[in-house]
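Convention: sequence-line order gives letters A, B, ...; per-chain numbering from 1.
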Amino acid sequence: MSLAKITQVTGRAVHVPGNDIDTDRIIPARFMKCVSFDGLGQYLFYDVRHTPDDKLTGHPIDKPGHKGATIMLSGANFGCGSSREHAPQAIHKAGFRAIIAENFAEIFFGNSTTLGIPCVNAKHEDIARVAAAIEANPQLEVTVDVERLEVRFGDQKIPVTMRESAREGLVAGRWDAIGELLEAREATAALAAKFPHMAAS
Amino acid sequence: MPKTLFQKVWEAHAVRKLSSGHTQLLVDTHLLHEVTSPQAFGMLRDLNLKVAMPHRTFATVDHIIPTNPGACEPFADPLAQAMMDAIRKNCQDNGIVFFDRATGKQGVIHIIAPEQGITQPGMTIACGDSHTSTHGAFGAISFGIGTTQIRDILATQTMAISPLKVRRVEVNGKLGRGVYAKDVILHIIRTLGVNGGTGYAYEFAGEVLDNMSMEERMTVCNMSIEGGARVGYVNPDETTFAYLKDRPYAPKGAAWDEAVARWKACASDPGCAYDDVVKIDAADIAPTVTWGINPAEGISINENIPDPATAATAEEKAEIEEALAYMKFTPGAPIKGTKIDVAFLGSCTNGRLTDFQEVARHIKGKKVAPGIRALAVPGSQGVAAICRELGLDQVFKDAGFEWRDAGCSMCLAMNPDKLVGDQVSASSSNRNFKGRQGSPTGRTILMSPLMVAAAAIAGHVADAREVFPEANN
Ligand code: SF4
């Protein structure tokens, strides 16, 4: 199975400020009652985007200038909370293809990488610079360069970091492991034979 | 060279190194529940792949199950029913053991796998659920995974993953009266932070862990993930073996002796090197409750709610302000006395037999305060059955608790058990995130089961040692 090489993501960006944005906030649990991921995008950040009587609260991703943004900016510890892949899936289905944050929760990071969403770390003040630039001009084109580990916007750029194994996987088109995993069927069966499986008695 | 349990189990299960630098790791046991698995089966069908090792895969239904006694299908919520139908069909089509309600063995996956003896030392275990760390209590390397990884394991019984560093978290000394496993882990998370464990497996050890029952060890390992550690484990010992003996899926006869020898050998070697060691004194641990919106925002029952004015940094100040604005608590006020609306006893953290036994022995003859909704939700049908046998269900009912059927219930509120409006819940579960218990403005205070019972009876957050002065533990 061959996958696209993800070397950079270019598009408009939106800043979703705050630290510790957890998976419950990204996709409230009640929307996880689905047997397929299609359609999750509309529920992204639902409870912060809507008042209890279902009016829009003016969340950044609903601001007209940011509609269609493909890059998300946020704070520290993004994606903390449960292991639900519904969170990166909702982000992906809502059209986002890269996330810039101070740092990411472990499981969220892994889940996002497997979907081909690069999650890059940037310094607090650098994120603030990008945020200020897109605030001033929501149409500004932003590029998350996974290969060179930088984010370019207008005539400015900031350095970013990313775990090397994830970066390599994205750039080489190996961000989804299944192709390679399937190749080792025999070795797996041989190793599994050493660990007798269980039966009830 | 002496090695940690983590290293030994990892090396034994490594199939090979992948080009990405990840390890292709064999997963001995794959656990499934209805919420995160149907999409993975869908992906498998899209790729035209089969389940590689169905006999290493076990499933149940827990998150969406209504817990009102005797709830029958079709469920009132059609989406819940769709999930139920999907997992039942996926298991049937693929020859996977499914602990459906009719088996009498259904319950929260992290409760039933140990109960059935499926969780064993030295195993690698994966499940599409972050609290899979629970199984580490047996000296297994167990971790929560995403749906794509569920797909990978279904298709290949392996997954691509990188090894973790190992931090030994040693809790030395003796716990004080009224201090439980839940307080130990809340204290650890409070000390090391919600991200403190990122990149680490936690090896929980020390006299306190040595003396714990398996249920208590599961409570500690369960919340590893709340401290950022994807894996938490305790080295297997005689307590572990005694728990497993004669369980349905545990080895029997000669195979048992062989297994015990194998299990003993997988424990961390004396003198092995850790990437980090943290020592905690049991005497510093008090009954702990959370005041904020993440599990590290905890204080001892006799402390005051933090005041942003005294925060050390601007960042900390903002965090406290955000938490207090959501919780609607007064800065600097005692947490003790905070009015509650709901008391929730259950979840994969504290929904085990010993949790109900411990609470039952204290609440006999006492009554839940007027106006408080108190729920007792056994973590599994097995737990419920023993409670019934012992008459514990009646003790809870007499005290004014609703005695419910097994499931996740108000831990996550994917079923009909939900907070309403900004109700405050005293909860034995593991997460106090905004909106976690089913109302976008609902408020959760995490605590031990006995503290939940104390809050239910007092009508407000209370010190269990005062509400149950006769408690002798
Ligand atoms: S009891 Fe709560 S934490 Fe445990 S598996 Fe269920 S929803 Fe998740």
Side-chain angles (χ1 to χ4, degrees), chain A residues 1 18-20 22-25 28-30 32-37 47-48 52 76-77 80-86 88-89 103 105-108 110-111 114-115 163-166 168-169 172 174-178 180-182 184-185 187-189 191-192 194-201, chain B residues 13 15-16 18-22 24 26 28 35-36 38-39 42 47 52-53 55-56 64 77 79-80 82-83 86 116 118 123 128-130 144-149 151-152 155-160 162 194-195 198-199 228 230 248-249 252 294 315 319 412-414 431 433-436 440:
Chain A
M1 280 180 16
N19 294 335
D20 304 311
D22 61 68
T23 50
D24 281 271
R25 191 134 25 127
R30 64 184 183 282
M32 291 165 53
K33 278 189 235 166
C34 58
V35 287
S36 142
F37 287 134
D47 286 342
V48 271
N77 198 26
C80 60
S82 87
S83 64
R84 70 181 70 144
E85 197 169 317
H86 301 65
Q89 285 280 3
N103 48 55
E106 190 81 5
I107 296 177
F108 179 88
N111 286 339
T114 308
L115 287 177
R163 189 185 304 153
E164 186 49 26
S165 56
E168 255 180 41
R174 278 196 311 259
W175 38 272
D176 186 337
I178 189 131
E180 216 179 343
L181 293 178
L182 283 165
R185 276 207 179 99
T188 302
L191 184 60
K194 291 204 220 160
F195 302 97
H197 74 267
M198 297 165 291
S201 55
Chain B
H13 290 82
V15 178
R16 61 172 179 161
L18 297 168
S19 60
S20 59
H22 287 114
Q24 179 167 8
L26 173 72
D28 280 313
V35 179
T36 53
Q39 307 84 353
L47 294 168
M53 300 187 189
H55 49 278
R56 292 182 178 273
I64 54 96
D77 178 351
L79 286 168
M83 288 193 163
Q116 294 300 318
I118 291 169
M123 277 184 169
D129 193 283
S130 42
I145 52 175
T147 302
T148 307
Q149 293 163 318
R151 174 205 66 180
D152 293 348
T156 69
Q157 203 60 31
T158 65
M159 62 181 290
S162 293
V194 273
N195 302 320
T198 307
R230 198 167 173 189
Y249 283 85
K252 308 278 154 47
N294 77 51
E315 205 171 313
E319 271 168 26
L412 176 76
M414 273 189 83
R431 286 187 169 157
F433 299 146
K434 292 179 180 176
R436 170 74 178 187

Inset, instruction - Determine the option with the most heavy-atom pairs under 4.5 angstrom with chain B, choosing from A:T114, A:L191, A:N103, A:N111. - result: A:L191

Inset, instruction - Tell me, out of A:A192, A:C80, A:S165, who's got the most heavy-atom pairs with chain B below 4.5 Å. - result: A:A192

Legend entry - Any B:K434 side-chain heavy atom under 4.5 Å of A:D47 side chain: no

Inset, instruction - Would you mind telling me which of A:D20, A:D22, A:N19 has the largest number of heavy-atom pairs within less than 4.5 Å of chain B? - result: A:D22

Inset, instruction - Identify which of A:A29, A:A177, A:G169 forms the greatest number of heavy-atom pairs closer than 4.5 Å to chain B. - result: A:A29

Legend entry - Distance, nearest 0.5 Å, that separates OG1 of B:T158 from CD of A:E180: 10.0 Å

Inset, instruction - Sort out for me which of B:K252, B:R436, B:Q24 touches chain A most, counting heavy-atom pairs under 4.5 Å. - result: B:Q24

Legend entry - Shortest non-hydrogen contact between A:A189 and B:M53, atoms and distance: CA-CE, 4.3 Å

Inset, instruction - Identify the two heavy atoms, one from B:R16 and one from A:A184, that lie closest to each other, and give their separation to 0.1 Å. - result: NE-CB, 3.6 Å

Legend entry - Residue among A:E164, A:K194, A:E106, A:R174 with most heavy-atom pairs under 4.5 Å to chain B: A:R174

Legend entry - Side chain / backbone / both / neither for B:A160 at chain A, heavy atoms under 4.5 Å: both

Legend entry - Spatial distance of atom CD (A:E85) from atom CD1 (B:I145) [nearest 0.5 Å]: 9.5 Å

Inset, instruction - Could you tell me which non-hydrogen atom of A:I107 sits nearest to which non-hydrogen atom of B:S130, and how far apart they are? - result: CD1-CB, 4.3 Å

Inset, instruction - Enter the distance from B:Q157:CD to A:L181:CG here, rounded to the nearest 0.5 Å. - result: 11.5 Å

Inset, instruction - Mind ranking B:V15, B:I64, B:T147 by heavy-atom pairs under 4.5 Å with chain A and telling me who comes out on top? - result: B:T147

Legend entry - Which portion of B:Q116 sits near chain A, non-hydrogen atoms under 4.5 angstrom: neither

Legend entry - Heavy-atom contact with chain A under 4.5 Å, split by part of B:M159: backbone

Inset, instruction - Supply the atom-to-atom distance B:M123 CE to A:F195 CZ, rounded to the nearest 0.5 angstrom. - result: 10.0 Å

Legend entry - Pairwise distance CD1(B:I118) to CE(A:M198) - rounded to 0.5 angstrom: 6.0 Å

Legend entry - Where B:A155 and A:L182 come nearest, the two heavy atoms and their spacing: O-CD2, 4.1 Å

Inset, instruction - Identify which of B:V194, B:D77, B:N294 forms the greatest number of heavy-atom pairs closer than 4.5 Å to chain A. - result: B:D77

Legend entry - 4.5 Å side-chain heavy-atom contact, B:T156 and A:R185: no

Inset, instruction - First locate atom CD of B:Q39, then atom NE2 of A:H86, and finally report the distance between them rounded to the nearest 0.5 Å. - result: 4.5 Å

Inset, instruction - Just give me the residue among B:E319, B:H22, B:R230 that pairs up with chain A most often, heavy atom to heavy atom, under 4.5 Å. - result: B:R230

Legend entry - Proximal component of B:L18, with respect to chain A [non-hydrogen, under 4.5 Å]: both

Inset, instruction - Flag the one option from B:E315, B:H13, B:Q149 with the top tally of heavy-atom pairs under 4.5 Å to chain A. - result: B:H13

Legend entry - Interchain contact, B:D152 with chain A, by part (heavy-atom threshold 4.5 Å): both

Inset, instruction - Counting only heavy atoms closer than 4.5 Å, note whether A:T188 contacts chain B via side chain, backbone, both or neither. - result: both

